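Read through the structure below, which is laid out as structure tokens, and then see the notes.
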Amino acid sequence: MSRGKAASNLDLPRPDTLDVGKQQGAYEALRSAILTRQLPAGSRLPSTRSLAERWQVSRGTLEAAFERLHGEGYVQRVAGSGTRVCAVIPEQFIAAPAAAQPVRRPVEPDPPHAGVQSHVPFVARRPDASLFDLKAWARCISRGLLAAGPGVLEAAHPGGLPTLREQISDYLRSYRGMHCEADEVIVTTGIRHGLDLIARTLLQPGDTACVEDPGYTPAQRLFSLAGAQVQAIPVTAEGLDTTRLPEYARLAYVTPAHQAPLGVTLSVSHRLALLDWASRADAWVVEDDYDSEYNYNSAPLAALKSLDSNNRVIYCGSFNKNLFPGLRVGFMVVPKVVRPALLRTLQLTGHSVGATDQLGLVEFLGSGAFVRHLRASRQAYQARRDALLACLPEGVTVSGQQAGLHCVLWLPAGVQEADFCARAANAGLSLQPLGKFCVDVTLPPAVIIGYTALTLAQIRFHGRALAQLL
Ligand SMILES: Cc1ncc(COP(=O)(O)O)c(C=O)c1O
């Protein structure tokens, strides 16, 4: 190992990498010489003056490359004694010792969860991510990050970035008729995250949690996991049958805008009855507003939460359905009295949305890009819905098609759901039988049809196959 002031006798020929970019090329060539021990630990690098002559680059270029190597811990620079390779190079501090024979097997993707693949006819409740303007999103993320600075990235905001909570409350005031403030909003990774927080925080083993029947199965499962007794309440043409609610319960979970899966809208009289019940029973009402942005025939009713003068409603919304499913951002609007407890659970699990996505969304909402996307996707989904309905033979009954991302196709008398779905599967169609959503009720045979994540051509092609099965 060479020590002292003697110049390195190592031969460092002019590297080809210099032709691509001088400073980066010089840095890469020197780093590679260090890693391959051509420049061993303790050896002295040639002076920038001699190397500049040999490599035909400026001393400034080499000075910058040496500084970068110094900044990353490859070399030490001591005034008067030149630049030396460090005894321990940074790779040895940050990487595990290399395995004898590094093996990298191809990653097996997780099998898609049954019933949730996009672009498979007619998988329900999937948005079409290809309608989303990725370039606009990338610009929003970069603008958001650059404007934020390290302070925002370091600070802990368990309930979500204040600027995002403000944007969400502005949106909910204008579009869902809710009088909510930013400090009532909690940013989540989606509606299921909100339901999980509610279940963990507000339910005790043995509590009664009322759900719609038929209804959204994950909600039932999450309430059961928390030890609650799930009580299934039938759904009528006006939504949840409020006359069937028990005298006491800890909560009732509802999908008022477009009942999941029947697609009916909770009528105003049932909304008021539900809120009266919640006050009498001292229960929470959990409002899942999962696809309320998409209305095809008329303006939507305001959210149930907008009528909540007694602060009984916990509202859950999501960007995963209207932007793209992989985004994983949603939100809750919660009465002030339960906010601290929900935040404690949230902090405990450490399960929250990254600052980058939150900053991107602040820009996306604030710039008007979000509402533009809603307008364009609503238009596209309406055309897809119309194309689907046009494929179906006369006399077939469809419901719930006035809104949302799916509708219900009622099967002709005598046709069994299981048999129909099996025949559909043979024709390449993936249909969900209504029976899968039922707890205690028995309903006439029907299937759930999603149309939003399919192109018009796919809908026409597969719609013909569906019609032939009826
Ligand atoms: C009724 C209902 N609520 C919530 C969700 C899930 O929302 P998120 O992905 O935001 O958890 C779905 C998904 O299909 C749904 O159908």
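By convention here, the first residue in the shown sequence is residue 1. Treat the numbers as computed from the prediction; the structure is a model and nothing was measured. For ligands, and for the atoms within them, numbers begin at 1 and follow the listed sequence.
Residues satisfying the side-chain hydrogen bond (donor to acceptor under 3.5 Å, both in side chains) criterion with Tyr315, sequence neighbours excluded, are Asp289. For Val415, the side chain to side chain contact (heavy atoms under 4.5 Å, CB included) partners at least two apart in sequence or on another chain are Leu411, Pro412, Phe420, Arg423.
Side chains of Ser292 and Tyr175: no donor on one and acceptor on the other come within 3.5 Å. For the 3.5 Å distance criterion, the side chains of Arg250 and Gln229 fail to qualify, holding no donor opposite an acceptor.
A salt bridge between Arg31 and Glu91 is present, with a side-chain N of the basic residue lying under 4.0 Å from a carboxylate O of the acidic one.
Listed by chain and number, residues touching ligand 1 at under 4.0 Å (heavy atoms only) are Arg125, Gly190, Ile191, Arg192, Tyr216, Ala260, Asp288, Tyr290, Ser318, Asn320, Lys321, Arg328.
Pairs engaging residues 433-470 under the ring-ring contact (aromatic ring centres under 6.0 Å, His included) rule: none recorded [sequence neighbours left out].
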